Amino acid sequence: MKKLHALLKKGSDRDVGLVISDRALALVQRERMRMTGRYGVVFAEQCDCTTPAQQKSILQNWVNSHSLRKAPVNLILPQRAFDLVQLERPDVLDTELNAAIRWRLKDSVDYPVSEAIVDTFPVPAGRQSGNARVYVSCAPQTRLKTYVNLIEESGMSVRSISIAPLAMRNLAQYSLNTQEAVGFVHITADDAALYICRGELFYLSRVLNISQVQLATDDLSEREALSEQLALEIQRTLDYYDSYFGHSPIRQLWFESSPQAANWLAEQIGTILGLRCAWLKQLGDDLHGVVNWGDLLPLALGGLMDTE
């Protein structure tokens, strides 16, 4: 695995990757080092919080303690904060795409599309020729306004808003030394997700019905059942990737969980699926200024590894 502190893309002399969820805040700060001109992480922390008042207090403390006033923020939405839908691309100009796609979303989200913030990015070409498809990411406008107001009231400014799959694509691209497509499983306290990507290309993701809490068991029969359940969900996703995109089968499956949820999991999944499965090295070990490395911080870090 490459040294992560050397891989952060250049941006401002000082900026922030931030994840806001209903249970925690996660922040990664990077700066350009005066002596070398290289960019590196100087501070990273995840704090539990469940109320707006707690969120505001934690953000304000970070801003005051780490001189983050006016710092640009890359906000990354965790898995439960947005919807991601794959749709056929309307035959319109790029500048008209977001507006044209809205009417197709109405049956895919449980809030009015008129009240959503919508963005799109292309789905890589599949095995069969045909109409191009796009991924549509959307979230309620009220939710995003709440996040933006929280950041701006703390004294920072929002530079960009991204989503978990693209942050994890960045993390996979820059932390794994491979040109092959890989599967990347990120396990959190809430759930888990499998992301399939190769370099800058994001192919697909699937939310997995497992979490860090479930993996904490010492019961061997429960471990076996969890492994078989997870392996089945992963295999179905890999089969869809193979059949739809027509590329070589995935041969590498990497797991990330902070802290590592279960040493036994990767080995058992690898045995069941016949794949190379391994835990990604604890990301916080490669970084300076880590106070409390948590399960959402990989998203904040990936949000700073912008591939655009």
Side-chain angles (χ1 to χ4, degrees), residues 16-27 46-60 72-90 92 94-123 133-154 156-170 186 188-193 195 202 204-209 211 295-300 302-303 306 308:
V16 164
L18 178 67
V19 178
I20 302 174
S21 82
D22 57 5
R23 62 175 174 85
L25 295 178
L27 181 143
Q46 179 168 320
C47 291
D48 294 339
C49 54
T50 57
T51 68
Q54 290 174 332
Q55 292 176 332
K56 184 176 181 178
S57 176
I58 291 168
L59 272 183
Q60 195 64 65
V73 172
N74 299 339
L75 175 65
I76 301 90
L77 303 182
Q79 197 69 45
R80 295 185 176 188
F82 65 92
D83 292 284
L84 186 64
V85 183
Q86 187 184 132
L87 297 172
E88 183 177 315
R89 189 192 191 284
V92 297
D94 289 347
T95 54
E96 302 171 351
L97 180 58
N98 285 1
I101 207 77
R102 281 180 176 272
W103 69 272
R104 300 190 182 185
L105 276 175
K106 60 183 180 180
D107 296 326
S108 300
V109 297
D110 57 4
Y111 45 87
V113 176
S114 60
E115 299 174 9
I117 300 295
V118 175
D119 200 4
T120 61
F121 56 98
V123 176
R133 300 185 69 82
V134 292
Y135 281 117
V136 185
S137 61
C138 58
Q141 188 177 54
T142 52
R143 176 181 299 155
L144 297 187
K145 281 187 175 180
T146 298
Y147 292 166
V148 170
N149 289 340
L150 181 65
I151 292 167
E152 292 181 343
E153 287 172 4
S154 75
M156 298 185 289
S157 62
V158 177
R159 177 170 61 193
S160 67
I161 300 177
S162 189
I163 57 175
L166 299 185
M168 297 310 289
R169 172 206 62 183
N170 297 347
H186 181 213
T188 74
D190 301 314
D191 51 30
Y195 306 97
F202 168 76
L204 59 93
S205 64
R206 179 189 178 113
V207 177
L208 305 172
N209 186 28
S211 68
D295 61 336
L296 299 178
L297 278 167
L299 300 178
D306 189 6
E308 296 301 329

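These numbers were taken from a predicted model, which means no experiment stands behind them.
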Distance (rounded to the nearest 0.5 Å) between C49 SG and L25 CG: 3.5 Å
Residue list, side-chain contact (heavy atoms from CB on, under 4.5 Å) with A24, at least two apart or on another chain: S21, Q46, D48, L296
Results of ring-ring contact (aromatic ring centres under 6.0 Å, His included) for Y195 - residues two or more places apart only: none
Interatomic spacing from CG in L27 to CD1 in I58 - rounded to 0.5 Å: 11.0 Å
Derivation and outcome, side chain to side chain contact (heavy atoms under 4.5 Å, CB included), residues T51 and Q54: CA-CA 5 Å; T51 68; Q54 290 174 332; 3.1 Å; yes
For a quick test of your reading: what N or O donor-acceptor pairs under 3.5 Å do the side chains of residues 103-112 make, sequence neighbours left out?
{"unit_1": "W103", "atom_1": "NE1", "unit_2": "A100", "atom_2": "O", "d": "2.9"}
{"unit_1": "R104", "atom_1": "NH1", "unit_2": "E88", "atom_2": "O", "d": "2.8"}
{"unit_1": "Y111", "atom_1": "OH", "unit_2": "D83", "atom_2": "OD2", "d": "2.8"}
{"unit_1": "Y111", "atom_1": "OH", "unit_2": "C138", "atom_2": "O", "d": "3.2"}

L59 and L18, any side-chain heavy atoms less than 4.5 Å apart: yes
side-chain hydrogen bond (donor to acceptor under 3.5 Å, both in side chains) partners of Q60, counting only residues at least two apart: N64
Student check: side-chain heavy atoms of L299 and H186 closer than 4.5 Å: yes
D190: partners by salt bridge (Lys or Arg N to Asp or Glu O under 4.0 Å), with sequence neighbours left out: R23
Step-by-step side chain to side chain contact (heavy atoms under 4.5 Å, CB included) determination, I76 to I163: CA-CA 5 Å; I76 301 90; I163 57 175; 5.9 Å; no
Interatomic spacing from CD1 in I151 to CZ in R159 - rounded to 0.5 Å: 12.0 Å
Residue list, side-chain contact (heavy atoms from CB on, under 4.5 Å) with D22, at least two apart or on another chain: none
All side-chain hydrogen bond (donor to acceptor under 3.5 Å, both in side chains) counterparts of S160, not counting sequence neighbours: N74
Partner set under side-chain contact (heavy atoms from CB on, under 4.5 Å) for R143, not counting sequence neighbours: A81, P140, Y147
Closest contact, heavy atoms only, N170 versus G302: ND2-O, 3.0 Å
Test side-chain hydrogen bond (donor to acceptor under 3.5 Å, both in side chains) applied to T120 - qualifying residues, sequence neighbours left out: N98
Test side-chain contact (heavy atoms from CB on, under 4.5 Å) applied to K56 - qualifying residues, sequence neighbours left out: L150, E153
S57 (side chain) donor-acceptor with A53 (main chain) under 3.5 angstrom: no
Nearest heavy-atom neighbours spanning R102 and A116: NH2-O, 2.9 Å
Heavy-atom side-chain proximity of R89 to V123 below 4.5 angstrom: no
Nearest heavy-atom neighbours spanning A26 and L297: CB-CD2, 3.8 Å
Whether D295 side chain and A189 backbone form a donor-acceptor pair below 3.5 Å: yes
ring-ring contact (aromatic ring centres under 6.0 Å, His included) partners for Y135, two or more places apart: F121, F202
Candidate pair Q86 and L204, rule side chain to side chain contact (heavy atoms under 4.5 Å, CB included), full reasoning: CA-CA 9 Å; Q86 187 184 132; L204 59 93; 5.9 Å; no
Stepwise side chain to side chain contact (heavy atoms under 4.5 Å, CB included) test for L77 and I161: CA-CA 7 Å; L77 303 182; I161 300 177; 4.1 Å; yes
Validation row: S162, F82 side chains within 4.5 angstrom (heavy atoms): no
